[in-house]
Structures are given as structure tokens and as C-alpha cells.
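A, B, ... follow the sequence lines: proteins, then strands. Residue 1 opens every chain. For the numbers below, each heavy atom of this structure counts, side chains included, while hydrogens, waters and symmetry mates do not.
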Number of protein chains: 2
Amino acid sequence: MASDRAGGVQSLERAFDLLERMADAGGEVGLSELSASSGLPLPTIHRLMRTLVDCGYVRQQPNRRYALGPRLIRLGESSARLLGTWARPYLAELVEATGETANMALLDGDEVVYVAQVPSRHSMRMFTEVGRRVLPHSTGVGKALLAHVPPEEVRALLARTGMPAATERTIVDPDAFLAELEHIRAQGYAVDDNEQEVGVRCLAVTVPDSPTAAAISISGPAGRVTEAATEKIVPVLQGVARQLSTALASNGTP
Amino acid sequence: MASDRAGGVQSLERAFDLLERMADAGGEVGLSELSASSGLPLPTIHRLMRTLVDCGYVRQQPNRRYALGPRLIRLGESSARLLGTWARPYLAELVEATGETANMALLDGDEVVYVAQVPSRHSMRMFTEVGRRVLPHSTGVGKALLAHVPPEEVRALLARTGMPAATERTIVDPDAFLAELEHIRAQGYAVDDNEQEVGVRCLAVTVPDSPTAAAISISGPAGRVTEAATEKIVPVLQGVARQLSTALASNGTP
DNA sequence: TTGGAGAATTCCACCCAATGGAATGCGTTT
DNA sequence: AAACGCATTCCATTGGGTGGAATTCTCCAA
């Protein structure tokens, strides 16, 4: 998080770190678990948690464990609404046209964050949790977004994040990655070909002129998102991206 | 919030107060607006916001205004999942059977908080924002929940919250309210008959044996949720509550 | 283009709010 | 009942958080 940034409010950073750890743990934890994973002393954690409980962002259960609280729902919904609602009809159109799951993602710092999703109607469908954050190099949307970032900045980002291999197909060499971005710029769309998850293929394009770098994608099983299907899907994807861009120009969000 | 509780972490309370105000304002604000509404000095707000921006819970836009950030989505979704996902299929069953909007709510401190909703398929339907908090005395779920709380505790709660009239039909007298709770216990379900909102009728029952006091309800226009409809709906409501209770017993949430 | 107003951002002396070690309390298991 | 693990409370200490004043930035009207 921001712990390396001078001047941040420490107790705030600590509280949110604890909340994230709770979300990582499925939403419910004991104080000792939090202490072990965060390195903070129990009384410090206890005091922060008590404040969060008093405010409704955390609940304490009868077994003394702590769980994420209902007040977080409203904050999350408000944020999602702001970021993703206006995109949803467009994503729905994508699903209608392609039959696959559509996502929208933003570049936020060094990470890509998924902010809206409309799922495929197939039983076998991609599920990506809204709010999920991933490294850009192994995802279609990440590659699409970085294709519009100057190469020196891309190199710096990669140096910060590293390039861990999610699968055997993930690109882990900076030079190879920059060449891929060149290819993406030339062909006008990005492909995640089993790079983030084996058996999954994703096609992505950026939303032109978005004040916050945004990309949309469709993804599904590699057996359905074939090269042949790609040829049909990409023009739809690019068309919807242009529509989104137009909508952006008129309503100024995000 | 918890500002009257000694020992809370002040900066944490302040930060969340600011986040709530942002949600109230539709998710986007300028610092001066926050300063005017919260009474906090600008530099204090700025420092808290900068920390939140660095952590990803708030974004700053090119126009210098601040907006709720994507990291809140994940926290909200994790909380909602913990609280409401397991209830959703049951609520969907309620909607299937009754045609009206189904909600689940918890008693959290002195307030009732809505944690899950499956909307009616009618055009004219109840919409209650998940995460919304209300006073218990003027809602069906609130009354159902308080019917299971000892009367002295109910009186104490009412003394703390007051009993503001949402409509002309809202019960605003503690004695009348306690008599109503007696009636609810006898008949096995609660009715909000235009007490929270004119033209709206809601039927609610509690989920038996829930470690966190929970209730489910259906609500819709008074013209549809008639006395005749009530007789058909209540047994369904009670049946689903029993199913939820059974599910509770097997998965131990919330 | 310039000037003014409003809003956001930065700086830093001050002090009290946040911290965490030690002690105590609670719940579960044997 | 005793032991153990975990949560909670207490309070002396200090550095993290605060907010007034100054500065910078942005936008709009003349």
C-alpha cells in the first residue's frame, strides 16, 4: 500500500490493511490471525477493530471473531456505481453479440482493477470478481492498457511489479513484452492467450480518450474464443469501445 | 457514528465519515464541500484524502475533485458475500412465489441494515439499497426483529433512537409499539402497513436461530400486498425463513 | 491576456491521540 | 478444576496527527 509514502496517516493505512486481510481471509478472522499476518501488536489491532466495529464497518460475532461489516457494502456499491454503472449497458451489448463474459478494467497505479462485469450466459463462463486487482502483464486488458503507455514507463512499471508467470504462456521477459505491445498497437487489440489462466482466452481493447485509462474485454474458454471467433469478435469489441468513448465524452465519467 | 465513544481512533472515524459523505454526494466531491459538511479543517481533510488516494480507496480526478475508489468495491463485495450471498437463492424463491421484492436485513446495534435484495419483476417495485440503514420501529423487518428482543431492551433502544414518524401511520408511542410487538409474536409475522413509506406494505419474519438477528421480508405497493395476498404470502415467507434457518445451521454464516 | 476569487495544497510547531508491553479476563478443551 | 490460547484492558510514553497560515493552482470574467 502507501506505507512507503511519507506523510500518510498511519492508523488509516493500518486499518485498511487489516480490512484487506479480512477480505483475503473470506471476510472473517480472529485477532491472532491478523496479528500474525500483519505483524502488528494485538492491542493496536484491537483498538482499530473496536473503532471499526463501533462505526459498522466490522462486526464482532458471538465467537469473538471479527467479520467485515455491512457499512462497507454501501461504500463499495457507491464506488462500483460510479465506476461501472454507465459501462454496464455497453458490456451487456458485448455479451449479447459474442456470448462471452465482458469486463471493464482500469489502470490504477501499477495494477489493473476490474470495475464492471456482465457475465456470459453459458454455464462455463469467466468469473472475475469486480474490484479484483491484477498485474497488467499477464492479462488482455493489462496489455491493451500498457500498449498506450510510453515504453520507458512500461519498463519502469515492470521493474516495480516484476513479471511473475501465471502460466507457462505468460510473457516474463520485458523485451518480449514490449514487442508484444508493439504488435498490439499495430493490430488494434490485445490477446491474453492462456497467459493469465490455462484454458482461457481474452480479447481486449482500450476505451479511446478515457481520462482514466480504461479497457474492455471479452473472455471465455479457449475452445470457444478461437482464432475464427476472434475475427468476428474484435470488430464488435472495437465498436463498443468507440460507443463507450462517445458516452464518456458526453457524461465525463470516470 | 462512534464519536461519542471514548477510545475510538479519531482519524479512522474521520476518514470513514468523509467516505460516507462522499457516498451521500453520489461518490464525487470537492474538498471544500467536505469541509463545509463535516466541519473539519481543509488540511486535515486533505491529509486523510491523500492517504486514501495512495491506498486506492479514493481517486482524484483531473478536475481535482475526489471520488470513491475501486478498492472499496472489493471490500464491499466481500462483506456482501459474507452477509447476503447465501441468502439470495432463498430470496429469489420468495420473489418467484410472491412476485414482490424480497429483502434480508440484520439488526446491527440500534439500526436495521439491509444486506441482500432480490427485486420484483414488476415495473413498480420496491428498491432498497443494500447497505442502507434504518430505524427499526417503522419497518416490517425492524418490528419482526424487535419482537424477539426483551421489552426492557426494546424500551431502551427506542429511548436511544427516538421514534420519528416516517408517515402518519408510523407508531410513535413506545407502549403502542410494545403492544404491536406482542401482536407480532402471537401472529408470527410483522406488517409494515404504510408506516415507513406511504403506499407501501411489507411483510416480515425473522430467521429462527440466527446468531446475528436476521429477518426476511417481501414488500410492494399496498394495492398488491393486500390482506388477501397476505394470507397467501405469509406461509411462504415463514417456510423460506425455516429453510434459511436450516441452511444457517449447516454453513454457520453470518 | 490579465486579474481576481475560490479552491486545493504545502509547511511545520505543537501537543495529545495512538501506541504497545504488561496484566487481566474469557472461552474452550482436557 | 486446570491449562492453554486468544481477546481485552490499562496507562506511561512519544511521535504521529493536527490545523493555522502561507502558498499554489485553476477557472472565469472582463
Side-chain angles (χ1 to χ4, degrees), chain A residues 1-19 21-22 25-69 211-212 252, chain B residues 1-19 21-22 25-69 109 211-212 252 254:
Chain A
M1 206 196 300
S3 50
D4 54 344
R5 290 288 304 259
V9 179
Q10 182 182 239
S11 45
L12 200 47
E13 290 164 1
R14 284 177 161 179
F16 274 102
D17 182 57
L18 294 177
L19 289 173
R21 291 177 191 278
M22 289 172 76
E28 176 181 317
V29 287
L31 288 196
S32 301
E33 294 166 54
L34 281 179
S35 182
S37 75
S38 68
L40 295 179
L42 276 172
T44 301
I45 297 180
H46 185 258
R47 191 148 175 269
L48 291 170
M49 295 308 268
R50 197 177 66 196
T51 302
L52 291 170
V53 168
D54 290 344
C55 293
Y57 301 103
V58 167
R59 287 176 313 119
Q60 186 172 28
Q61 300 180 158
N63 61 6
R64 300 204 298 178
R65 289 167 72 80
Y66 292 86
L68 293 176
T212 300
Chain B
M1 209 195 294
S3 50
D4 54 344
R5 290 289 304 260
V9 179
Q10 182 182 239
S11 45
L12 201 47
E13 290 164 1
R14 284 177 163 183
F16 275 104
D17 182 56
L18 294 177
L19 290 172
R21 289 176 192 282
M22 289 171 77
E28 176 182 318
V29 287
L31 287 195
S32 301
E33 294 166 54
L34 281 179
S35 181
S37 75
S38 68
L40 295 180
L42 277 172
T44 300
I45 297 179
H46 184 260
R47 188 145 177 271
L48 292 170
M49 295 309 267
R50 198 179 65 196
T51 301
L52 291 171
V53 168
D54 290 344
C55 293
Y57 301 104
V58 168
R59 287 179 310 120
Q60 187 171 29
Q61 300 180 158
N63 61 7
R64 302 204 297 176
R65 290 166 72 80
Y66 293 85
L68 294 176
T212 301

Item checked: Residue pair A:Ser35 / A:Leu40: nearest heavy atoms and the distance that separates them -> OG-O, 2.8 Å
Margin query: Please give me the minimum heavy-atom distance between A:His46 and A:Leu31, naming the atom from each residue.
Written below: CD2-CD1, 3.7 Å
Rounded to whole Å, please give me the gap between [atom1] in [X] and [atom2] in [N].
| X | N | atom1 | atom2 | answer |
| --- | --- | --- | --- | --- |
| A:Leu12 | C:dA18 | CG | C1' | 13 Å |
| B:Leu18 | D:dT18 | CG | P | 10 Å |
| B:Gln10 | D:dT18 | CD | C1' | 9 Å |
| B:Leu48 | D:dG16 | CG | P | 16 Å |
| B:Gln61 | C:dA8 | CD | P | 13 Å |
| A:Leu40 | C:dT19 | CG | P | 9 Å |
| B:Ile45 | C:dA7 | CD1 | P | 13 Å |

Looking at residues at least two apart in the chain, or sitting in another chain, which of them share a side-chain contact (heavy atoms from CB on, under 4.5 Å) with [X]?
| X | answer |
| --- | --- |
| B:Pro43 | B:Pro41 |
| A:Gln10 | A:Arg14 |
| B:Ser37 | B:Arg21 |

Distances under 3.5 Å between nitrogen or oxygen atoms of protein and nucleotides 6-9 of chain D:
{"from": "D:dC6", "atom 1": "O2", "to": "A:Arg64", "atom 2": "NH2", "distance (Å)": "3.3"}
{"from": "D:dA7", "atom 1": "OP1", "to": "A:Leu31", "atom 2": "N", "distance (Å)": "2.7"}
{"from": "D:dA7", "atom 1": "OP2", "to": "A:Leu31", "atom 2": "N", "distance (Å)": "3.4"}
{"from": "D:dA7", "atom 1": "OP2", "to": "A:Ser32", "atom 2": "N", "distance (Å)": "2.5"}
{"from": "D:dA7", "atom 1": "OP2", "to": "A:Ser32", "atom 2": "OG", "distance (Å)": "2.4"}
{"from": "D:dA7", "atom 1": "O4'", "to": "A:Arg64", "atom 2": "NH1", "distance (Å)": "3.2"}
{"from": "D:dA7", "atom 1": "O4'", "to": "A:Arg64", "atom 2": "NH2", "distance (Å)": "3.2"}
{"from": "D:dT8", "atom 1": "OP1", "to": "A:Gln60", "atom 2": "NE2", "distance (Å)": "2.6"}
{"from": "D:dT8", "atom 1": "OP1", "to": "A:Tyr66", "atom 2": "OH", "distance (Å)": "3.4"}
{"from": "D:dT8", "atom 1": "OP2", "to": "A:His46", "atom 2": "NE2", "distance (Å)": "3.2"}
{"from": "D:dT8", "atom 1": "OP2", "to": "A:Tyr66", "atom 2": "OH", "distance (Å)": "2.3"}
{"from": "D:dT8", "atom 1": "O5'", "to": "A:His46", "atom 2": "NE2", "distance (Å)": "3.1"}

Notebook entry, point to check: Between D:dT18 and B:Thr44, is there an OP1 or OP2 to side-chain N/O distance shorter than 4.0 Å?
Noted result: no
Margin query: Does C:dA17 have its OP1 or OP2 closer than 4.0 Å to a side-chain nitrogen or oxygen of B:Ser11?
Written below: no
Checklist line | Axis deviation across the helix from C:dT1-D:dA30 to C:dT30-D:dA1, five-pair ends, to the nearest 10° | finding: 50°
Notebook entry, point to check: Are any non-hydrogen side-chain atoms of B:Glu28 and B:Asn63 less than 4.5 angstrom apart?
Noted result: yes
Margin query: Rounded to the nearest 0.5 Å, what separates atom CG in A:Leu48 from atom CZ in A:Phe16?
Written below: 11.5 Å
Next item on the list: Identify, with sequence neighbours excluded, every residue that meets salt bridge (charged side-chain N to carboxylate O under 4.0 Å, His left out) alongside B:Arg64.
Entry: none
Margin query: Just to verify, which of A:Arg47, A:Met49, A:Arg50 counts as forming a side-chain contact (heavy atoms from CB on, under 4.5 Å) with B:Val9?
Written below: A:Arg47
